[in-house]
Amino acid sequence: MKILIVEDEPKTGDYLRKGLLEAGFVVDLARDGLDGLHLALTGDYDLIVLDVMLPSLDGWGVLKTVRRSGHEMPVLFLTARDGVEDRVRGLELGADDYLVKPFAFSELLARVRTLLKRGRSQEADTLRAADLELDLLRRRVSRAGTRIDLTAKEFALLELLLRRQGQVLPRSLIASQVWDMNFDSDTNVIDVAVRRLRAKVDEPFELKLIHTVRGMGYVLEIPEGP
Ligand code: CA
């Protein structure tokens, strides 16, 4: 597994490179945005760890160009402050996860491993959460073995939530991915669709999987503990 780190702070960059090398990854380190972009487009990486504040081209610029060029590798971005706007912007531009500095290396390593695993499982034919299954080939959804009929939009919405399991998805992101609408569109459409989806997927069952995160959006996750 080959990882690219784009980080201009020498200490952080060296520390991340050393840690990931010791964890058994092949690692390249770029110290500014343009070098990082060049490597990202040519280096065939399995994952990118991308700092946001970078000289010559910031992390947003790198991420945007990487996604526009059709590269689908997971991107974990590093942000200096715990700002909602930063997180939303990163996820909208196609990042897969983020970490707020300062973070423990063990935390970064756990995220990296999860993203690499998720990257592979996306090629599977079935997406799962608890007893919920979405069969991409047959376009069928079931829970605890019981078939659930969904409209095409509901199916697309559930697919997105399952692929991004555990991540809070802003309405604007859902709008752009499922409805092809832009940021300013009427997001009430999304709330209505989520409500309908929940009525089919969650209401008849004890374990609720789709959750509202106030002021942020929606997340599909298996609730912790009893
Ligand atoms: Ca920086």
Side-chain angles (χ1 to χ4, degrees), residues 1-120 122 163-173 176-177 183 213 215-217 219:
M1 286 280 159
K2 199 172 161 194
I3 296 179
L4 172 65
I5 303 165
V6 190
E7 168 62 85
D8 60 310
E9 287 157 21
K11 266 173 84 177
T12 312
D14 292 341
Y15 167 73
L16 290 179
R17 174 163 61 184
K18 185 165 173 279
L20 289 170
L21 279 170
E22 282 169 4
F25 296 102
V26 177
V27 185
D28 286 335
L29 171 62
R31 299 195 188 267
D32 73 56
L34 282 178
D35 279 356
L37 178 61
H38 175 72
L39 283 172
L41 295 178
T42 56
D44 197 22
Y45 295 96
D46 297 296
L47 182 139
I48 303 177
V49 178
L50 180 63
D51 187 32
V52 172
M53 299 298 287
L54 291 166
S56 75
L57 178 67
D58 68 14
W60 308 132
V62 174
L63 179 57
K64 206 189 275 182
T65 309
V66 164
R67 288 297 184 240
R68 281 199 183 143
S69 330
H71 292 264
E72 307 254 323
M73 76 284 267
V75 173
L76 171 65
F77 74 91
L78 308 177
T79 168
R81 57 207 167 94
D82 189 13
V84 173
E85 303 81 23
D86 267 17
R87 276 178 277 170
V88 169
R89 184 158 181 212
L91 296 173
E92 278 175 355
L93 286 173
D96 299 271
D97 203 355
Y98 66 92
L99 269 178
V100 178
K101 291 179 177 177
F103 51 81
F105 181 75
S106 56
E107 171 84 39
L108 177 116
L109 189 58
R111 302 287 183 97
V112 162
R113 289 194 166 131
T114 302
L115 287 173
L116 287 171
K117 222 183 288 168
R118 195 192 294 163
R120 281 197 299 274
Q122 277 192 8
R163 282 191 190 278
R164 301 280 193 110
Q165 219 173 117
Q167 284 177 34
V168 179
L169 304 181
R171 287 174 178 78
S172 53
L173 177 92
S176 66
Q177 300 255 317
F183 191 90
V213 181
M216 288 197 67
V219 60

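One-based numbering, in listed order, for ligands and for the atoms of each. Position 1 is the first residue of the sequence, and the numbers go up from there.
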(request) May I ask you to check if any N/O/S atom from Thr12 comes under 3.0 Å of the Ca ion (ligand 1)? (result) no
(message) Could you measure the distance from the CG atom of Leu39 to the CG atom of Asp44? Nearest 0.5 Å is fine.
(response) 12.0 Å
(message) If I consider every N, O or S atom in Asp8, which one ends up closest to the Ca ion (ligand 1)? I only need its name.
(response) OD1
(message) If I consider every N, O or S atom in Asp51, which one ends up closest to the Ca ion (ligand 1)? I only need its name.
(response) OD2
(request) May I ask you to say whether Arg67 pairs ionically with Asp96, meaning some side-chain N is under 4.0 Å from a carboxylate O? (result) yes
(message) What I want to find out is whether Asp51 reaches Arg31 closely enough, with some N-O distance under 4.0 Å, to be called a salt bridge.
(response) no
(message) Could you check whether Ser172 and Glu92, counting side-chain N and O atoms only, form a donor-acceptor pair closer than 3.5 Å?
(response) yes
